[in-house]
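A short worksheet on the structure shown next.
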Amino acid sequence: MSVTRPSDPSTGQRLFVDPGFDGEPSSDGVPAVGGYRSFTPRPSLRAFVERITVGAEAMGIEEIVVPDGGVHLVFHIGTRPMLGDGTTSPAAAVIGAASTAARIRFSGTLAGVSVRLRPGGVLAALGVPAGRLFGRATALEDVWGARAEETLQRLAGTSDPAARAAIVEDALSEFVTRRGLAPDPRAARAARMIAATAGRGRIADIAAAVGVGERRLEQLFDHHVGIAPKVLARIARFQASVRLLADRPAPDWSRIAHACGFADQSHLIGEYRRIAGMTPTEFLRRFRISDSYKTRGAADAILADASAGSGYGGGRAD
């Protein structure tokens with residue numbers, strides 16, 4: 001489930017973190033942070049869609065969105081946010097996979113629906129290669145045509161979260177049925193393997209496990225996932241390190257680096273700067289604003305799988 005951090009009054013910013021592809025499936029209508037509700041898609045869509053989130057929130061803040069490696073559809077029924085380049089988001093947009101954090105400015109009432117597509121199913125769900133969407137917001141009208149505006153109008157006609165989720169499901173079902181494309185099981189399996197190994201598996205080995213060469217796997221990811229396998233592995237390592245931060249006020253950064261497959265602490269610091277746009281210490285400070293990110297079990301599993309040294313001690317990672 002996605003986790004949105006309360007705002008930091010010293011900066012007027014909020015940190016948005018998503019656990020990534022290995023997050024547990026959400027039950028229908030389960031409450032999420034900020035009054036949002038997360039819905040598991042109907043069975044016919046589960047190969048294409050991981051989850052649908054519906055909600056509304058009055059806010060005026062800049063949100064730092066940490067990349068999760070996924071492709072998302074967003075439908076803005078209320079005020080549309082301003083993107084990092086100073087433009088306003090389309091009312092219905094495809095948010096391509098990204099490798100660095102995005103900054104988005106919200107004001108007024110944010111209301112709408114977001115859809116996280118499954119790796120392996122992006123081309124089938126949208127009809128365009130996933131890599132073409134990388135790192136940018138694309139108007140859904142450019143992908144779906146008139147169906148995008150029709151869906152927005154239907155969403156505006158109800159305020160019921162379950163009804164809004166069903167409207168988006170109807171649109172997705174109509175599109176995938178009409179196009180007749182299927183998710184690619186090799187890309188989907190490889191993405192799951194990257195998540196399962198927290199980015200520590202060799203891409204060549206993963207490619208061999210799904211029956212393709214490394215170059216062919218890159219092509220499959222470009223079409224069906226939207227981000228290169230090695231980049232997805234980098235994000236998975238980053239996400240694993242974030243899980244290790246949960247409930248640990250004084251982390252041993254060297255141990256975290258080792259457990260998560262970074263070459264050393266300097267490598268970890270560099271990746272935090274590239275992916276989150278801040279040092280690990282600054283990320284930890286913002287991350288501590290709330291303690292609702294419940295991942296201790298997953299964190300312990302990461303540590304158990306790595307032959308790390310002694311227990312947690314202090315230390316900074318600047």
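This structure is a prediction, so every number in the text was calculated from the model and none was measured.
- Although no hydrogens or angles enter the test, the distance criterion places no donor-acceptor pair under 3.5 Å between the side chain of R255 and the main chain of P251.
- The backbone N or O of L155 lies less than 3.5 Å from no partner atom in the side chain of T158, so there is not a single donor-acceptor pair.
- Looking at heavy atoms from C-beta onward, I256 lies out of side-chain contact with F262 at the 4.5 angstrom threshold.
- A 4.5 Å side-chain heavy-atom check between I235 and I227 finds at least one atom pair inside the cut-off.
- Between the E169 side chain and the R42 main chain, a donor and an acceptor come within less than 3.5 Å of each other.
- Side-chain atoms of R200 do not come within 3.5 Å of backbone N or O of C260 as any donor-acceptor pair.
- Residues L268 and W253 meet the side-chain proximity criterion, which asks for heavy atoms closer than 4.5 Å.
- Proximity of a side-chain donor or acceptor of R105 to a complementary backbone N or O of M82 within less than 3.5 Å is not detected.
- Across all non-hydrogen atoms, the minimal contact from A97 to G69 is CB-O, 3.8 Å.
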Open item on the list: Run R147 and E174 through side-chain contact (heavy atoms from CB on, under 4.5 Å) and show every step you take.
Closed with: CA-CA 9 Å; R147 187 63 169 170; E174 187 274 336; 3.7 Å; yes

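- Inter-residue side-chain proximity for T88 and P81 is flagged as unmet; no heavy-atom pair is nearer than 4.5 Å.
- Considering only residues two or more places apart in sequence or on other chains, R216 meets the side-chain contact (heavy atoms from CB on, under 4.5 Å) condition with R186, V212, Q219, L220.
- Side chain of R103 to main chain of I64: no donor-acceptor pair is present (N/O by atom type, distance under 3.5 Å, no hydrogens or angles).
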